[in-house]
Amino acid sequence: MELNAKYNPAEVEDKWYAYWLKNRCFHSEPDSREPYTIVIPPPNVTGILHMGHVLNNTLNDVLIRKARMDGKNACWVPGTDHASIATESKVVARLAAQGIRKEDLTREEFLKYAWEWKEEHGGIILQQLRKLGASCDWDRTKFTMEPALSDAVTATFVYFYKKGLIYHGYRMVNWDPVAHTAISDDEVIHRDTKSHFYHLRYFISDGNGNPTKDFLVIATTRPETIMADAAICVNPADERYHHLRGKKVLIPLINREIPVIEDDYVEMDFGTGCLKVTPAHDAHDYEIGQRHDLPILEILDDDGRLNENARILIGQDRFEARKNIVKMLEEAGNLVKIEEYISPVGYSERTDAVIEPKLSKQWFLKLEELAKSALEAVESGNIKLIPDKYRNVYRHWMENAHDWCISRQLWWGQRIPAWYLPDGSVVVEETVEKALKAARAACPGITQADLQQDEDVLDTWFSSWLWPISVFDAARPGHPEHKPNRDLRYYYPTSDLVTGPDIIFFWVARMVMAGGEFMGDVPFRNVYFTGIVRDKLGRKMSKTLGNSPDPLELIAKYGADSVRLGMLLCSSAGNDILYDESQVEQGRNFCGKIWNSWRLVNGWRVDENGRQNESSRVAVKWFDNLLSRTILQVEDHYRKFRINDALMAIYKLFWDDYCSWYLELVKPAYGEAVDGYTYDATVGFFDKLLKLIHPVMPFITEEIWHAMAERHAGETIMYERTPVAGPFDEDFLAGFDQARQIITGVRGIRAQKQIAPKDALKLCIEGAFSREFLPIIGKAANISAFTDTVEGAAQSFIVGTVKCSVPLEGLVDTGQERARILADLEHQRKFLAGVRAKLSNAGFVAHAPQSVIDTERKKEADALSRIEALEASLNSL
RNA sequence: GGGAGAUUAGCUCAGCUGGUUUAGAGCACCUGCCUUACAAGCAGGGGGUCAAUGGUUCGAGUCCGUUAUCUCCCACCA
């Protein structure tokens with residue numbers, strides 16, 4: 001773009017993304033280089049980009065671009081997840097809007113609509129990722145429900161079934177009455193919810209189904225389920241109720257007789273000590289029912305409405321029925337009192353419906369064995385979790401992993417490969433043909449028409465847990481005997497996984513299990529957990545609150561580079577991100593700064609034969625040293641996944657050090673030219689800075705990098721190498737810092753006290769400890785009237801005669817200085833004593849790692865030389 | 001109910017094996033500047049008894065105990 005004063009991201013971003021695509025810059029094939037691999041946490045196929053995606057994918061992209069510039073064969077595999085519940089409910093809603101009910105469709109018809117929806121909306125999010133600059137290898141785009149990956153899921157099911165880890169059984173499951181499906185324990189979110197504790201009076205039966213005057217009181221939060229009661233249960237030790245042993249009570253309103261039973265489960269001091277047992281609609285009650293052989297009566301249908309078994313309030317929704325039955329109970333004289341009560345209620349993660357415990361036949365995968373090896377992978381350090389604190393969370397879950405309910409009463413997903421025979425037995429095979437063959441072995445003469453496939457599909461996570469394997473070689477999952485193809489051999493295990501901690505169990509842990517089972521190796525080496533993006537007030541971003549900005553609008557307004565930088569600025573690993581637009585503004589400002597610094601350097605007139613002045617020489621030397629030191633720091637930050645620290649180090653290097661100090665020091669005076677040597681150094685620094693910041697800001701760096709020199713077709717900064725650190729002189733840098741402090745101090749004095757420039761200069765000279773920095777001080781302190789004479793002043797200073805009208809004496813308060821030095825000296829001596837005590841401690845020397853001991857030795861040496869120096873300056877005072 | 005983590009400037013957070021930074025950064029704030037790259041900027045400045053309390057140590061923001069507050073995870077007391 002033109003060298004206008006304002007940088008316009010819109011002008012360059014689409015251009016460069018198209019350029020990268022055209023030149024297949026993101027594509028990777030196995031070769032002799034070391035691979036660096038990331039598989040994308042696949043977003044829902046029907047999803048649209050939100051701030052969480054921006055954070056996650058920005059981090060992924062920074063890592064992959066960094067690895068690419070480090071010379072690795074970087075491969076980022078993109079794709080989408082079919083998200084069975086989420087997608088199916090969207091399709092159902094869309095059909096409903098057209099007046100079509102799912103129940104009126106056949107499975108095939110419904111799936112046709114679903115696939116249409118997928119073709120229309122699927123992949124929108126992938127297009128949006130391009131706007132963000134994501135450098136995914138789009139040739140490798142995968143979808144969890146594409147044929148090969150679906151086959152992998154089916155094969156996996158068969159594999160675990162035959163291994164005896166999958167079973168089919170009646171269990172109390174979490175029923176989502178809105179989505180009409182069972183969901184796993186992990187998909188239930190418990191929230192404390194305000195409800196009521198209803199105390200109800202149950203009259204004792206006289207034995208013939210008639211109430212006596214005697215009664216007991218139970219407390220319940222769910223009065224609408226009393227019709228399904230199978231017993232009243234008390235603790236056997238509860239003497240208050242011993243007189244009721246063997247008695248029966250009558251369920252209010254319907255007068256059905258139920259026994260009073262005793263079980264240790266009941267807490268005597270909770271509620272009234274009487275528990276109504278409703279085996280069909282409560283998981284605990286179910287267990288009690290099993291122990292006491294109680295009948296199970298279901299009174300709720302799949303929608304959560306009361307059915308004929310309830311005898312009253314038939315057809316009413318459970319919450320409506322609750323209101324109504326309370327009224328009826330009150331009128332009938334069964335309601336004793338109502339208490340306000342807060343209890344944890346389970347909600348569906350997807351539909352937010354209140355979960356209904358429901359007894360049904362589902363498929364389960366035993367996790368105990370798998371969890372053990374997955375735990376080992378993390379405990380042994382084969383997988384590192386960042387931050388480390390998630391190890392505890394992970395361990396806790398792995399040690400308490402319940403069997404995983406993997407069937408879902410949905411149509412959108414991989415259908416369970418189980419076929420029922422007329423006699424009720426089941427065969428599990430990858431295809432109907434194989435199933436038929438297997439069935440015939442048992443009952444010859446059976447035909448395909450006799451086989452009835454299970455209606456359910458598999459949990460989405462049952463496909464995503466294969467993702468790091470199946471994106472490379474879908475034939476492997478379920479078939480450990482299958483020889484892995486070239487991609488899988490080369491790219492697996494992947495390098496890093498970046499994801500949110502909310503899916504550590506859903507996804508991360510299960511990928512580790514699948515990896516161990518089918519690959520005998522971990523699926524990734526490092527897992528970096530991002531925080532959750534919240535708004536400025538700490539609230540979760542949500543559609544209903546309307547506090548979630550549209551990332552695409554942000555990108556349109558500020559540019560992708562700014563959005564990326566803004567996001568990273570506020571994201572330390574594992575901490576929640578408080579997003580605020582001002583951070584993106586900061587990103588935009590930084591873009592402007594980079595752009596303008598390029599305009600400055602680009603606009604200089606160069607005199608190739610010009611003599612380099614002293615301040616430029618020192619400035620170049622300084623920045624060269626500083627650059628090397630910073631590169632090392634940045635590398636260290638990247639190694640520790642401290643991405644925002646790495647970014648901040650580069651940001652400060654670029655803005656504070658390069659722009660505010662370096663460029664000001666070497667900037668030629670108005671109308672003058674810069675000497676060739678300084679110019680080359682300046683442009684060289686700029687080039688390295690661009691490369692350092694490229695992983696975070698891909699677009700502006702590509703634009704400027706192309707403007708800096710003639711580039712070949714297809715050439716890109718993406719494939720340039722990360723700048724490497726050269727040697728640097730720590731003392732020199734420290735000296736410069738001190739000089740810089742002096743300058744800042746002088747500026748402060750001048751700003752506040754308005755002292756004469758020459759006096760300011762004198763202060764500079766007084767403070768300067770090394771003649772090398774005098775020219776720098778003269779220039780940077782902006783004492784323009786004296787700039788020309790600085791070198792002369794420096795000379796004079798060196799020989800001890802300073803050409804200043806004010807005598808130097810009196811500028812330093814010797815008494816104060818002496819006190820300061822003495823205090824410092826005492827401190828140093830104590831410090832030294834401490835260090836020596838540590839070093840002479842036999843236990844410390846024997847057990848401390850060598851690096852720690854070395855550090856202590858260095859401390860000792862430093863303290864010694866420091867003491868020496870202090871003593872010397874004390875003597876000279 | 002169990003577990004984990006947090007508490008440092010107005011806000012968000014660093015502070016990695018106890019010391020050397022006189023506790024730092026970014027943003028925000030205040031003052032002065034439209035100075036010939038940049039007002040989306042420049043220069044300067046103020047602001048913290050490191051939650052409270054006890055202990056270990058020559059030395060504690062850092063380690064240990066207690067208290068308070070908060071966050072997250074797990075958990076079906078009806």
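Atom set for the values below is all heavy atoms of this structure, side chains included, hydrogens, waters and symmetry mates excluded. Remember, predicted model here, so these are calculated numbers, not experimental data.
Distances shorter than 4.0 Å separate none of the side-chain N or O atoms of A:Asn596 from OP1 or OP2 on B:A40. Taking side-chain N and O atoms only, A:Arg642 has a distance below 4.0 Å to OP1 or OP2 of B:G15. Distances shorter than 4.0 Å separate none of the side-chain N or O atoms of A:Lys389 from OP1 or OP2 on B:G3. Side-chain N/O atoms of A:Lys667 include one lying less than 4.0 angstrom from OP1 or OP2 on B:A37.
For the pair A:Tyr265 and A:Trp598, both in contact range of RNA chain B, the more 5′-proximal nearest nucleotide belongs to A:Trp598. Along RNA chain B, the nucleotide closest to A:Arg534 and the one closest to A:Arg222 are compared, and the more 5′ of them pairs with A:Arg534.
Taking the six-membered ring wherever Trp is involved, the centroid distance between the rings of A:Tyr528 and A:Tyr390 does not fall below 6.0 Å. Taking the six-membered ring wherever Trp is involved, the centroid distance between the rings of A:His199 and A:Phe197 falls below 6.0 Å.
When both pairing distances are held under 3.5 Å, B:C63 makes a Watson-Crick or G-U pair with B:G55. Figure legend. B:G1 is base-paired to B:C74; pairs are counted as Watson-Crick or G-U wobble with both atom distances under 3.5 Å. If you check B:U31 for Watson-Crick or wobble pairing at under 3.5 angstrom, you find it paired to B:A43. In this entry B:G48 has no Watson-Crick or G-U wobble partner, no candidate having both defining distances under 3.5 Å.
In summary, the side chains of A:Gln583 and A:Tyr579 do not present any donor paired with an acceptor at a separation below 3.5 Å, with no hydrogens or angles considered. A:Glu287 and A:Tyr265 share no donor-acceptor pair across their side chains, judged by distance under 3.5 Å alone.
Atom-to-atom, CH2 of A:Trp655 to P of B:A40 comes out at 11 Å; the value is rounded to the nearest Å. The CD atom of A:Glu581 sits 14 Å away from the C1' atom of B:C27 (whole-angstrom rounding). In this structure, A:Met398 atom CE and B:G3 atom P are separated by 21 Å, rounded to whole Å. The distance from atom CG of A:Leu569 to atom P of B:G26 is 11 Å, rounded to the nearest whole Å. For the pair A:Leu568 CG and B:G26 C1', the interatomic distance rounds to 14 Å; values are reported in whole Å.
Nearest to the side-chain atoms of A:Met648 among the listed nucleotides B:A14, B:A25, B:C74 stands B:A25. Checked against B:G41, B:C77, B:A4, the side chain of A:Asn392 finds its nearest nucleotide in B:A4.
Looking at A:Asp561, its side chain does come within 3.5 Å of a backbone N or O of A:Ile700 through a donor-acceptor pair.
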